[in-house]
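Each residue takes its place number in the sequence, starting with 1. Just so you know, these numbers use all the heavy atoms, side chains as well, and skip hydrogens, waters and symmetry mates.
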Amino acid sequence: ITYGDWSSDVCSSDLCERLLAGWARERPGRVASRPRLAPVVGGPTVSAPAAAALGRAPVRVRGAALVVQVLHVADAAAVLAAAAHGRLPGVWNVAADGVIDPRSLGRGLRIPGLSDSAAARALDACWAAGRFAASGSFVPYLEHRFTVDTARLAAAGIVPALDATAAAA
């Protein structure tokens with residue numbers, strides 16, 4: 001994304017979405033899509049959000065919500081293909097139907113819940129040792145999982161083939 005003299009490989013979601021909308025307005029006939037993907041699971045690599053969703057994070061925050069939405073890698077690819085073909089102009093929430101709780105997968109129970117600060121220090125240590133792909137700044141995600149409404153995506157005719165439970169299996 002480049003905007004005037006400012007450019008970055010990474011920017012906050014709201015800023016990216018505003019810049020993307022401005023880019024699309026300046027280029028009639030072009031379609032700009034921003035799929036907001038739930039943690040993608042089922043592939044050969046596991047991101048930090050996916051590991052947390054599946055109960056594989058090295059720490060757990062005491063009192064944190066555990067239920068989370070996920071998306072299978074094949075469904076993520078289908079959504080990205082639809083976006084690339086111009087079928088999804090604008091911003092879209094993308095997740096499999098339903099939510100999962102890592103406890104239902106038999107995971108996430110053996111790790112005691114830590115305070116925010118202890119969890120951040122533990123993640124920093126795991127990250128420094130190369131044991132987890134996120135540092136202590138990841139604690140808010142562990143603490144405040146969110147779910148999104150995907151009705152607009154379904155109304156556009158795109159429904160993930162796998163529900164959350166099947167995607168997480």
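Considering only heavy atoms from C-beta on, V139 comes within 4.5 Å of V61 through its side chain. A heavy-atom distance below 4.5 Å is not found between the side chains of R60 and L142. By the 4.5 Å heavy-atom criterion applied to side chains, Y141 and P39 are counted as neighbours. Side-chain contact between F132 and F138 is present, with at least one heavy-atom pair separated by less than 4.5 Å. Here the side chains of S135 and L123 are not in contact, with every heavy-atom distance at 4.5 Å or above. Looking only at side-chain heavy atoms (C-beta outward), V68 and V99 stay at 4.5 Å or farther from each other. Under the 4.5 Å side-chain criterion, counting only non-hydrogen atoms from C-beta, L37 is not in contact with N93.
By the 6.0 Å contact criterion, CZ on R131 is open, its count of non-hydrogen atoms from other residues, nucleotides or ligands being 12 or less.
R34 contributes atom CZ, which lies 11.5 Å from atom CG of L19 (distance to the nearest 0.5 angstrom).
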(request) Decide yes or no on side chain to side chain contact (heavy atoms under 4.5 Å, CB included) for V94 and R36, but give the supporting numbers first. (result) CA-CA 6 Å; V94 185; R36 292 182 192 149; 5.9 Å; no
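Annotation: side chain to side chain donor-acceptor pair (under 3.5 Å) contacts involving residues 148-169, sequence neighbours excluded, are absent.
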Would you tabulate the side-chain donor-acceptor contacts of residues 85-92 under 3.5 Å, counting partners in other chains and residues two or more places apart, or write 'none'?
residue, atom, partner, partner atom, Å
H85, ND1, A81, O, 2.8
W92, NE1, L88, O, 3.0
W92, NE1, P89, O, 3.0

Extract all donor-acceptor atom pairs below 3.5 Å that involve side chains of residues 70-78 and protein atoms in other chains or at least two apart in sequence.
residue, atom, partner, partner atom, Å
H72, ND1, A74, N, 3.0
D75, OD1, A161, N, 2.9
D75, OD2, A161, N, 3.3
D75, OD2, L162, N, 3.2

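V148 and I100 fall within the same hydrophobic cluster, where Ile, Leu, Val, Met, Phe, Trp and Tyr residues are linked whenever their side-chain heavy atoms come under 4.5 Å apart, directly or through other members.
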